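Report on the following structure.
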2 protein chains.
Amino acid sequence: MKKNITIADSELPIMKILWEKGTLTSPQIFENMHGNKSTLKTLLQRLVTKGAVTAKENTSRTYLYTAAVTQQEYINSERKSFLQKAFDGSAKKMLLNFVQEEKITKEELQQLIDMIEEG
Amino acid sequence: MKKNITIADSELPIMKILWEKGTLTSPQIFENMHGNKSTLKTLLQRLVTKGAVTAKENTSRTYLYTAAVTQQEYINSERKSFLQKAFDGSAKKMLLNFVQEEKITKEELQQLIDMIEEG
DNA sequence: CAAACAAGACTACAGTTGTAATCTCAAAAA
DNA sequence: TTTTTGAGATTACAACTGTAGTCTTGTTTG
């Protein structure tokens with residue numbers, strides 16, 4: 001059974017950097033970010049503990065950090081959770097709602113259809 | 001400034017019943033649900049404390065509960081949060097992802113366009 | 001009226017989250 | 001070599017969550 005790794009909102013910025021840049025040392029991660037260093041260290045630590053990020057020994061006393069959960073896995077998990085909570089799991093209901101709330105235009109829908117047809 | 005009321009996952013089933021049925025007593029809420037009664041009481045209590053549900057005195061010692069946050073408000077809040085976390089706030093990116101992941105078909109997109117055109 | 005019932009109030013408790021300070025100690029700098 | 005630095009480890013702590021038990025007391029039942 002695969003354990004369900006949850007990425008907290010505060011931890012997400014770190015994941016985004018790792019998804020974008022690949023493998024980095026902690027200073028490299030942090031220089032791409034704002035916020036209190038101590039807090040960031042804690043969040044990175046937690047991600048490692050959870051298994052969302054792997055830490056491979058680099059020089060003694062430092063590590064190279066890499067995302068162990070892919071962005072698509074994260075998105076899939078968030079999508080499922082969102083659809084379930086707000087639309088009983090139905091992507092169709094959601095779409096309808098987005099259209100009604102005007103978060104999506106007819107033009108955008110048409111572009112997608114065109115995209116699909118082009119393959 | 002409006003306070004940001006957060007509805008926890010465990011509390012959502014109660015909200016869903018209130019959204020569906022309107023105003024109910026706690027026994028009426030609970031008879032529509034599964035789960036430990038004591039836990040449900042706690043969750044209902046928390047919803048009242050948060051202001052997500054209002055409790056109007058009924059007979060002495062009992063209340064009538066009503067959702068104070070609408071389902072659409074909840075959905076909007078979840079939508080914003082989901083789009084932000086997974087797609088930098090872009091509904092378009094999300095749609096593209098759904099199409100790629102085959103959560104939405106060309107036919108469904110076409111139906112929506114037709115719906116918009118009919119008004 | 002006495003006993004049982006139960007809605008709501010109060011208490012409990014561990015895990016997660018957001019936020020951050022302090023401690024350790026090897027490596028870099030002076 | 002002595003000092004400084006800083007990555008990582010450890011500790012802190014309150015709010016929120018998930019889950020559930022106990023206490024109070026008015027109401028219902030026998």
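Side chains included, hydrogens not; waters and symmetry mates left out as well; all remaining heavy atoms used. Just so it is clear, the structure is predicted and the values come from calculations on it, not from any experiment. Proteins come first, then strands; the chains are lettered A, B, ... in the order of their sequence lines, and each starts at number 1.
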Determine whether A/Ile29 and A/Tyr65 make a side-chain contact, defined as any pair of heavy atoms from C-beta on separated by less than 4.5 Å.
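Answer yes - side chains close enough.
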Taking the side chain as C-beta and beyond, is there a heavy-atom pair between A/Ile14 and A/Leu18 under 4.5 Å?
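Touching, per the 4.5 Å side-chain cut-off.
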Can A/Gln45 and A/Lys41 be said to form a side-chain contact (heavy atoms from CB on, under 4.5 Å), step by step?
CA-CA 6 Å; A/Gln45 188 60 59; A/Lys41 282 181 183 180; over 6 Å; no
Mind listing the closest non-hydrogen atom pair of A/Ala91 and B/Ile104 along with its distance?
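Closest approach of A/Ala91 to B/Ile104: CB-CG1, 4.3 Å.
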Minimum heavy-atom distance between A/Trp19 and A/Thr70, given as atom pair plus value
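Where A/Trp19 meets A/Thr70 most closely, the heavy atoms are NE1-C, 3.4 Å.
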Would you kindly compare A/Thr6 and A/Lys41 by the position of their nearest DNA chain C nucleotide and give the one closer to the 5′ end?
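Result: A/Thr6.
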Between A/Arg46 and B/Gln45, which is nearer to the 5' end of DNA chain C once each is assigned its nearest nucleotide?
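On the 5' side of the pair lies B/Gln45.
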Is the closest side-chain donor-acceptor distance between [X] and [Y] under 3.5 Å?
X: A/Lys92; Y: B/Gln111; result: yes
X: A/Glu101; Y: A/Asn97; result: no
X: B/Gln28; Y: B/Lys21; result: no
X: B/Thr62; Y: B/Thr59; result: yes
X: B/Gln110; Y: B/Asp114; result: yes

Taking 5' to 3' order, which nucleotide of DNA chain D is first and which is last to have an atom within less than 4.0 Å of a heavy atom in chain B?
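The protein-touched segment is D/dT17 to D/dT27.
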With under 30° as parallel and over 60° as perpendicular, where do the rings of B/Phe82 and A/Phe82 fit, or are they tilted in between?
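Parallel, since the angle between the ring planes stays under 30°.
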In terms of the nearest nucleotide of DNA chain D, which residue is placed more toward the 5' end: B/Thr39 or A/Pro27?
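Result of the comparison: A/Pro27.
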Which part of the nucleic acid, if any, lies within reach of B/Thr42 when heavy atoms closer than 4.0 Å are counted: base, sugar-phosphate only, or nothing?
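B/Thr42: base contact, heavy atoms under 4.0 Å.
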NA contact type, B/Leu44, heavy-atom cut-off 4.0 Å: base, sugar-phosphate, or nothing?
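Nothing: the residue B/Leu44, judged by heavy atoms under 4.0 Å, touches no strand.
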Where along residues 60-71 of chain B does a heavy atom come under 4.0 Å from DNA chain D, residue by residue in number order?
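Within residues 60-71 of chain B, the residues near DNA chain D are B/Ser60, B/Arg61.
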What range of DNA chain C does chain B touch, first nucleotide to last, counting atoms under 4.0 Å from its heavy atoms?
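Listing 5' to 3', DNA chain C meets chain B from C/dA7 to C/dA12.
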